[in-house]
There are 2 protein chains.
Amino acid sequence: MNLKRTHRCHELNESLVGQTVIVNGWINTRRDLGGIYFLDVRDRYGLIQIRVGIELPEILRDRVRKMTPEDVIAVKGKLALRPEDAINPKMASGTLEVLAEEVELLNKAKTPPFEITRRETGSEDLRLKYRYLDLRTQSLQKNILLRHETAQTVRHFLNQEDFLEIETPILMKSTPEGARDFLVPSRLHTGHFYALPQSPQTYKQILMVSGFDKYYQIVKCFRDEDLRADRQPEFTQIDIEMSFVDEPDVRDVGERLLAGVMKAVKNIELPLPLPVYSYQDAMETYGSDKPDTRFDVPLFNLDEIAEKSDFQIFRSVLASGGVIRGLRVPGGSRLSRKQIDGYTDLAKKYGLKGLAFVKVEEGGLSSGISRFFNDSLSEELIEVSGANPGDLLFFSADTWTTALTALGAVRLQLGKDLNLIEKDAYKALWVNDFPLVERSEEEDRFVAMHHPFTAPRPEDEERMETDPESVRAQAYDLVLNGHEIAGGSIRIYREDLQEKMFRILGISHDEARQKFGFLLDAFQYGAPPHGGIAFGFDRLVMILAGTDSIREVIAFPKTTTAQSPMDNAPDIVDEKQLKELHLRVENEEL
Amino acid sequence: MNLKRTHRCHELNESLVGQTVIVNGWINTRRDLGGIYFLDVRDRYGLIQIRVGIELPEILRDRVRKMTPEDVIAVKGKLALRPEDAINPKMASGTLEVLAEEVELLNKAKTPPFEITRRETGSEDLRLKYRYLDLRTQSLQKNILLRHETAQTVRHFLNQEDFLEIETPILMKSTPEGARDFLVPSRLHTGHFYALPQSPQTYKQILMVSGFDKYYQIVKCFRDEDLRADRQPEFTQIDIEMSFVDEPDVRDVGERLLAGVMKAVKNIELPLPLPVYSYQDAMETYGSDKPDTRFDVPLFNLDEIAEKSDFQIFRSVLASGGVIRGLRVPGGSRLSRKQIDGYTDLAKKYGLKGLAFVKVEEGGLSSGISRFFNDSLSEELIEVSGANPGDLLFFSADTWTTALTALGAVRLQLGKDLNLIEKDAYKALWVNDFPLVERSEEEDRFVAMHHPFTAPRPEDEERMETDPESVRAQAYDLVLNGHEIAGGSIRIYREDLQEKMFRILGISHDEARQKFGFLLDAFQYGAPPHGGIAFGFDRLVMILAGTDSIREVIAFPKTTTAQSPMDNAPDIVDEKQLKELHLRVENEEL
């Protein structure tokens, strides 16, 4: 390189005025002003204005005249203060300019298919195809930098706490459980396959058996799922496991890690310890196991009042073991019939048959199902709900899960629609005491709510075989602004308990051996009590970046159809490659 | 957990004597001494001796009596000073013991198939199957810790230098070049495949086009190679790329990174700048492009002397364009005929037809081909070789590459056999100016020695089409103790030069588009001058750990047949999984 940079843009400051400097970068914008050319040169670190004066040789001026945005150039010149009236207070180097003496074109750029400085000139599809250009935009540069800083903060924190970063294999054994594995055919062993890890779960537990005590990894995981918005076939996880710990120990590390990140990358103090909601309480209070507490609109229990009301529907739901729950909408009596119908439709998506409501006025209720509440019940309802005149109350009546989940969804939508969500707020909390197992109607058996290695709460252990659904797990989720950003559990480490768990899940001894044999073997040679947690790294960065799409915080994301428009992956391959793998693609159903 | 640890073993010290402490860990060893039981408890951080006295309740003593090595236990008791005569100066906590008050069995261990404290009691095959136990051994605990520290030092250094850690995809497009790709069938797109990256080469170059300026990643790479000792199908690379740089800039970062690591993890000062050998010089001096300079035994040029000798074989090799090179073996005249034959066999493996020799005595030469050198030539030979009485000189006569490579291999073997290699020495150097292309007899064309994006030296560019083999690349390898630990190049960033390169390599426009289309497209939108380097992380840690096997520094390595005996990967999979992928395994050759 002839004109190699002496300074990066952010290094230019007033103390250097008068010095000859060389900058290298891209032309961000160019303007011609009465024969003077102004180029803003951009590098990763900032911008600097270049002034190409009239007095410069015509050969140089002609070269500059032909330059267009995104050309890569090198400029040599004296750093100078701009004239008073040319100062740009919005630009970090807005008082400065380089008086060009030499300008070299390092590489010509074709006209980009969208403007780098006006990202909205390209659709997301177009920008994904030209990802290398989209990555030049200010938003993506900022997000990738934030991601870097977050990763470093995470590692720094965990290193300080004596965690060891240990790499686990990407080519592992397939143990289809939960989502589908991506498979990797082995060429050396015909008909045999590796699988890409859905998470390093078994390996991190093995590492505890090996005595590594505290493990972490920021690691790629893979799930071959069907199309879902905002899911990626490969995603990144902060994976953590610890020995000789109980649930509060893991939560303590998890929340201090989150607080450390918030402080380091957003300069926000997260008050610790975080609130802990049991699954039961989170559902009852917010209708969600990942409640967004940035707005204070809790659900309330209407069972007693409903029992006394004349509303037959409520009473029959109660009689069949269901529940009645309510939600107060602050100022909601202004909602139109059409808006209310909208929330009803939303609730129906969550399995509710209908969404009853009343409006609260000075001195009583009106509209909706108000006629079913007599004066004294109305008063009771207003008191229980904490309603004020002008509010609206929604009611759901169904099984516990449906009534709460549907109302929780309505609550969340209302939060957005009515702007109840505090701007720039970050609210984090734990949800724990999840049920250990849940009934899968599809498979007609109990399935693990977390995974089959999750330990029950000791005091619930005795009910594992008699009343498994009532057993609470030592499992916990970390929730930030209504997103589950981490989840984990204390693991079973005793063989007898593990066998009991498999029995409950209807997993035979042979099946357990086939799937998890090596882990069960390892457990026989001295497994310590252990537990862990895993953060969804992409989602965490997404929230910190204040964006709604995970693709905005991944350098090279895939589309919702798991494709990469930039490099055209996945693609067909040479017949020779398949031949070596002894594979044939069947174009019809087998 | 009932008896949760208050201290980890390394935290116990004399200032805590008299305090009640709880430790958790594995029984490392146990001894019974006249009714007193001594248990050494091990955790990741150290060992502590537990004394279970005669005065303790029989129920507790009985429990301890049944305990065996590798049981997981919790112990509560007072920390005490050992009696003077029981002090173990070899143990960090050798002056201390815990006087047990409570001992709890957290988990029973079966008898391990080999002794954790005596690793040699298990073969490598057995230890790979029980990797979770092997990982408990002191050597592997130490190596994994060293690997962790090395990774953190690398990141710390690069972060300080403003590099950004950016994740690149694992599921990418297959571009078979060099080694074979591992393929990943896509379920959503029948007949289409992802490939696992052999390196993030194209993505890191894209990131430079995107303006990220300085990129790094400690990243898994994958190569589906045939069986080779000490190669892993998945391996880890420190991947680095920089914009607006030339070769010395990249080498500067590379060597300061290495020196930083050596200082941080081994407390060894590596004098900088490192010596730089051209490929030509490295070959001429050491017969290797990755010379081990821990011993000072250089090769020498014998062309002139051989020309004057009576040895017909030398003269005919010279006449046909070959070269004659020599190697001085200090004190080598003691080598037996059998030993000399051994080195001859080694040289033959490298293509040499034979290995001539002479012995150097007071006043002249003897043995071997000494009779072909007259007195004056003998004198000249002794002077050129720097030989002393008692030395032996080996000679090779063949093409430049074969003569040097073979003699280089002999040199290396002699270094080991004669203990010429300085113990605990770390010698690093650069080799650069590699040829840009080399002739592939197999493919009957020129192939890129590094990869097709490597830039030629500017002053050699004009010979690219007329004499391509004479063109030197802007490519460089970093060599530590005779291992290539890193390699990189300055990349081509101009379209015209890239096209010329493809032409020389016989890659058609269509083929280039098919393989590297998205990178070539990206290059049209303003690619900066850039270059990079990649370190083989496993090999680097292997050298730092002072071990010969890469499997000793990877937590879960695969065998030379790319299998994992612990989890039995790769394995057969459910027919259902293949059906979903529309794949069929062909057991015969297609």
Side-chain angles (χ1 to χ4, degrees), chain A residues 1 5 24 26 44 70 72 107 109-110 132 135-136 148 151-152 159 164-166 169-174 182 184 186-189 191-194 206 209-211 213 220 224 234 244 246 518 522 524-529 555-556 562 566-567 569-571 573 579 582-586 590, chain B residues 1 5 24 26 44 70 72 107 109-110 132 135-136 148 151-152 159 164-166 169-174 182 184 186-189 191-194 206 209-211 213 220 224 234 244 246 518 522 524-529 555-556 562 566-567 569-571 573 579 582-586 590:
Chain A
M1 283 195 64
R5 66 183 172 199
N24 295 164
W26 287 260
R44 187 184 108 199
E70 302 310 316
V72 188
N107 220 348
K110 274 169 56 173
Y132 39 88
L135 282 168
R136 286 186 191 162
H148 163 83
Q152 307 319 317
N159 293 343
L164 292 184
E165 186 183 12
I166 304 178
I170 297 288
L171 295 173
M172 61 174 280
K173 177 191 164 82
S174 179
F182 278 108
V184 182
S186 160
R187 181 178 53 87
L188 297 175
H189 308 277
H192 288 61
F193 294 80
Y194 304 97
I206 288 279
V209 174
S210 298
D213 205 63
K220 280 279 176 72
D224 185 10
E234 60 179 294
F244 304 114
D246 51 25
F518 70 101
Q524 298 187 328
Y525 289 96
F556 300 104
M566 183 182 82
D567 62 358
D571 204 350
V573 295
K579 205 168 166 178
H582 297 273
L583 283 183
R584 195 157 73 184
V585 176
E586 304 270 325
L590 288 171
Chain B
M1 284 195 62
R5 66 183 172 198
N24 296 165
W26 288 260
R44 186 185 107 197
E70 302 310 315
V72 187
N107 220 350
K110 274 170 55 174
Y132 39 88
L135 282 168
R136 286 186 191 162
H148 162 83
Q152 306 319 316
N159 293 342
L164 293 183
E165 186 183 11
I166 304 177
I170 297 289
L171 296 172
M172 61 175 279
K173 177 192 166 81
S174 179
F182 278 107
V184 182
S186 160
R187 181 178 53 86
L188 297 174
H189 307 278
H192 289 60
F193 295 80
Y194 303 97
I206 288 279
V209 175
S210 297
D213 204 64
K220 280 278 177 72
D224 185 9
E234 60 179 293
F244 304 114
D246 50 26
F518 70 101
Q524 299 188 327
Y525 289 96
F556 301 104
M566 182 182 83
D567 62 359
D571 204 350
V573 295
K579 206 167 166 178
H582 298 273
L583 283 183
R584 197 159 72 185
V585 175
E586 305 270 326
L590 287 171

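Bear in mind the structure is a predicted one, so any value in this text is a computation, not a measurement. Residue numbers start from 1 in every chain, and the chains themselves are labelled A, B, ... in the order their sequence lines are given, proteins ahead of strands. What you see below is based on every heavy atom in this structure, not just the backbone, and it leaves out hydrogens, waters and symmetry mates.
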Picking from [options], which has the most non-hydrogen pairs under 4.5 angstrom with chain A?
options: B:F182, B:F518, B:Y525, B:Y194; result: B:Y525
options: B:E165, B:R5, B:R187; result: B:R187
options: B:L164, B:V184, B:D246; result: B:L164

Counting only heavy atoms closer than 4.5 Å, note whether [X] contacts chain A via side chain, backbone, both or neither.
X: B:P528; result: both
X: B:Q152; result: side chain
X: B:A151; result: side chain
X: B:I166; result: side chain
X: B:L188; result: side chain
X: B:K110; result: both

Inset, instruction - Among A:R584, A:H582, A:K579, find the one that has a side-chain hydrogen bond (donor to acceptor under 3.5 Å, both in side chains) with B:E586. - result: A:R584

Inset, instruction - Kindly assign one of parallel, tilted or perpendicular to the pair B:W26 and A:F244, based on the angle between their ring planes and the thresholds 30° and 60°. - result: perpendicular

Inset, instruction - For residues A:F556 and A:D567, determine if any side-chain heavy atom of one lies less than 4.5 Å from a side-chain heavy atom of the other. - result: no

Legend entry - Distance, nearest 0.5 Å, that separates CE of A:M566 from CE of B:M172: 9.0 Å

Legend entry - Gap separating the CD atom of A:E234 from the CD1 atom of B:I170, nearest 0.5 angstrom: 6.0 Å

Inset, instruction - Report yes or no: does A:R136 contribute a side-chain atom to a donor-acceptor pair with the main-chain N or O of B:V209 at less than 3.5 Å? - result: yes

Inset, instruction - Using atom types as modelled and distance alone, determine if a side-chain donor or acceptor of B:D571 lies under 3.5 Å from a backbone N or O of A:K173. - result: no

Legend entry - Residue A:P169 versus chain B: region with a heavy atom under 4.5 Å: both

Inset, instruction - Count the heavy-atom pairs under 4.5 Å between each of A:N107, A:V72, A:V585 and chain B, then report the option with the highest count. - result: A:N107

Inset, instruction - Identify which of A:S210, A:A109, A:A562 forms the greatest number of heavy-atom pairs closer than 4.5 Å to chain B. - result: A:S210

Inset, instruction - For residues A:A522 and A:I206, report the shortest heavy-atom separation together with the two atoms involved. - result: CB-CD1, 3.5 Å

